[in-house]
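Since the structure comes first, as C-alpha cells, the remarks are kept for the end.
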Amino acid sequence: MHLMKGKSERMQTSQKHPTSSGFDLYHQPVQNVDPYTRYQVLQSNSCHEIHNSNSQGTTISFQPCKEQYFTLESSPALNDLIGCDSPSYASVSSNSNRSPFSPHASHSYHSDQHQSSDNNYGSPTSAHSSADDSYELKHKLRELEISLLGPDSEIVDSCHCCYEGGHHGASAMAKYNWDQVVEMIPKLDLKEVLSRCAQAVSDGDIETAVGFMNNVLPKMVSVGGDPIQRLGAYMLEGLRARLESSGSLIYKALKCEQPASKDLMSYMHILYQICPYWKFAYVSANAVIGEAMLNESRIHIIDFQIAQGTQWMLLIDALASRPGGTPFIRVTGVDDSESFHARGGGLDIVGKRLSDYAKSRRVPFEFHSAAMSGCEVELENLVVLPGEALAVNFPFVLHHMPDESVSTENHRDRLLRLVKNLSPKVVTLVEQESNTNTSPFFQRFVESLSYYSAMFESIDVALPREDKQRISAEQHCVARDIVNMIACEGPERVERHELLGKWRSRFSMAGFAPCPLSSSVTNAVRNMLREFNGNYRLEHIDGALYLGWKRRALCTSSAWRCY
C-alpha cells in the first residue's frame, strides 16, 4: 500500500506526449460545480440504515440530497432503452463494490456463478447477483450518455440498436457537442463521467475519450477539491497515460522524480498519523505474533516490508515486560530501493534504530539485513538458526509480487512456498481488500474508483481540505499507485491487489492453514481505532479482520500456520 509507504511521486507527463497535462492543470478551483458526494450522513433512522459493530461509531443512515443530477434516478422513462449486452459492461463483477459492511452482506465465501474466475475467491459479498450490478452500471452509463446527447437523438437511437443487437463499441457512434456538455457540468456526476471516459478508452473510442479528457474532466477535477475531485485528477492522468500508451514511461519517470528523502518521510508520517491503515497492519500482526510466541525464548521475525522498522519497536516494547522473562529477538528486514530512498539510506539505519531501542528496553536483540526486493529473495538470504521460533510478516507487500498471470516464475506463490520451507510458527498477512490483479481494464477502473473513493474520503475527514501538506502527501504517496493500475499492463503494472478469498487459496496451495485471530487481537485493533473517525469499521469474519470506511472494506488482516 503505497499510500502509507510514501512511494508515489508527483505526476508529470512525459514531454513526448504534449497533449497530456500534469497535475498543475488541476490546481485551479472547480467552477460552479457542487461537490459530487450525493449522500448526507445523518444521525437518524431513515433508509439504508447500517449499524456500526465498532464501538467507536454510531448508527448512521444515508439520504439522497435534493440537488438534481443526470444519474440513474433522474430519468425513469429511459428504462426501455437499457437492453445492452455489451461484453465490457457485463464484465463488471459484483465484488467491485461489495464488502462485509454492506447491509446485504451474506458473509459467505461462495461465489456467484456469474462472477469472473478472478472473483471466485471474493470477500463476503452481497446477495445481489453480478447481473444486477452490471445492469446498474449499464443503466448509469447509458443514462449519462443520453443526458449528454439528448433522449431524442438519432445517435442514441442507433446506439440503442447496437446494444439490443449485442454489438460492442456503441460508444464509437456517439458524437457530443462538447460546448453543450461543458454547460451541463454542474449537473453531471463526476464518478459517472470518469466511468464513461474509461469505457470510451476501453472501447478504443478515441474521439469520445479525448473529448472528455480535454473538454469536460479538467473542469470537474482538482487536487484541492473534495475527495472525488482530488481522486478524479489522478484517475484522469492515468486515463491520459493509458490512451497515449505512455503509462510505463510516466511510471518510470515518477520513480526518478522522487522528492527529497526528508520531504517524503514527512508525507509518509502525515498519512501514518491521520489514517489507521498501517497501524492496523502493525497492531494486528504484533498481537498475533505476541500470542504465538508467548512461551518462546528465542524469536526470529522476517519482515518482507521492513520500511522504518517502527512496527518492531512496538513489539520490543511489549515483549520487554512479558511475564516469564524477556526473549531474545532477531529481526531480518527485506528491503528495496524505494524504501532506501525514503529512509535516506540503507538497512543499517533500521538496524541501528532497532538495536538502540532494544538496548534501552534491555531486550537482547540482533538485526539481519536482506537488501533486495521480495522477488529476489532465496532461502540462503533468510537464515533461520536452530532453536528459533520463526514468524514471517507480509504487510501490504505480496500484491507487488508478480503471479502466474504476469510471469512463469510466479514469485507470488514461489515466495509462499519458500516461506513454508522455513517452517514458521506463524505468518501474518495484511493486504488491500480489492480485486485488480487479473481484472480487465474497465472492470479494474471501476473497482479502483470505488476503492480509492472510500480511501480519499477517509483522508479528507482528518485534515482541512485546503491543507497543503495533505495535498502533497496524496500526490506523493497515492497518485503513482493509481496511475499504475489504470495506465500500465503486464510486468509494468505492479499494483495487483487480490481479495482475501484469493489469498486463502494461495496460502492453502502453499501448505498453510488459517490461524483464526483471537478476541485479544480484535480488541487491540479496536483500541487503536479509538484515535480515528467513527466511520472506520472493523469486522471479525471467518477468523480474519476487515477494516473499512463506512460500507467499503479496504484492508484485511489474517494469520497462517503450517499444515
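The analysis underlying the following values was restricted to heavy atoms, covering all of them including side chains, and did not include hydrogens, waters or symmetry mates.
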Going by atom types alone, do [X] and [Y] pair a side-chain donor with an acceptor below 3.5 Å?
X: R552; Y: S450; result: yes
X: Y277; Y: S458; result: yes
X: E457; Y: W549; result: yes
X: R353; Y: T310; result: yes
X: E447; Y: S434; result: yes
X: R530; Y: N527; result: yes
X: N393; Y: Q311; result: yes

Side chains of [X] and [Y] in contact at under 4.5 Å (non-hydrogen atoms):
X: Y267; Y: H269; value: no
X: V461; Y: F532; value: no
X: F304; Y: M401; value: no
X: W312; Y: L314; value: no
X: E433; Y: L500; value: yes
X: I459; Y: P227; value: no

Salt bridge or not between [X] and [Y]? Use side-chain N to carboxylate O under 4.0 Å.
X: R414; Y: E378; answer: yes
X: D403; Y: R506; answer: yes
X: R417; Y: D413; answer: no
X: R480; Y: E495; answer: no
X: E244; Y: R240; answer: no
X: K502; Y: E431; answer: no

Looking at [atom1] of [X] and [atom2] of [Y], how far apart are the two atoms once the value is rounded to the nearest 0.5 Å?
X: L545; Y: T556; atom1: CG; atom2: OG1; value: 9.0 Å
X: Q443; Y: N435; atom1: CD; atom2: CG; value: 6.5 Å
X: I228; Y: L449; atom1: CD1; atom2: CG; value: 5.0 Å
X: L239; Y: F441; atom1: CG; atom2: CZ; value: 5.0 Å

Of all pairs that satisfy salt bridge (Lys or Arg N to Asp or Glu O under 4.0 Å), the ones with a partner from residues 276-291, not counting sequence neighbours: K279-E531

Assess the residue pair R496 and H400 against the criterion (side chain to side chain contact (heavy atoms under 4.5 Å, CB included)); give the C-alpha distance rounded to whole Å, side-chain angles, the decisive distance to 0.1 Å, and a yes or no. CA-CA 6 Å; R496 294 178 168 271; H400 288 143; over 6 Å; no

What is the ring orientation for F507 with W560, classed by angle as parallel under 30°, tilted 30 to 60°, or perpendicular over 60°?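 Geometry flag for W560 against F507: parallel rings.
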
Identify, with sequence neighbours excluded, every residue that meets side chain to side chain contact (heavy atoms under 4.5 Å, CB included) alongside V383. L385

Just do the side chain to side chain contact (heavy atoms under 4.5 Å, CB included) check on Q475 and V223 with the steps written out, would you? CA-CA 8 Å; Q475 288 184 352; V223 297; 3.7 Å; yes

Testing H399, E498, E404 for side chain to side chain donor-acceptor pair (under 3.5 Å) with R412, which one passes? E498

Is the NZ or CZ atom of R230 both under 6.0 Å from the centre of the six-membered ring of F456 and within 45° of that ring's axis?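 No, cation not above the ring by the 6.0 Å, 45° rule.
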
Tell me, with the steps shown, if E474 and Y234 meet side chain to side chain contact (heavy atoms under 4.5 Å, CB included). CA-CA 10 Å; E474 287 177 349; Y234 307 135; 3.9 Å; yes

Go through it in stages, so that I can follow the logic: the residues are L379 and L422, the test is side chain to side chain contact (heavy atoms under 4.5 Å, CB included), and I'd like the CA-CA distance, side-chain angles, deciding distance and then a yes or no. CA-CA 8 Å; L379 275 176; L422 297 174; 3.5 Å; yes

Would you say the side-chain atoms of R470 pair up with the backbone N or O of D460, donor to acceptor, closer than 3.5 Å?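 Such a contact is absent between R470 side chain and D460 backbone.
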
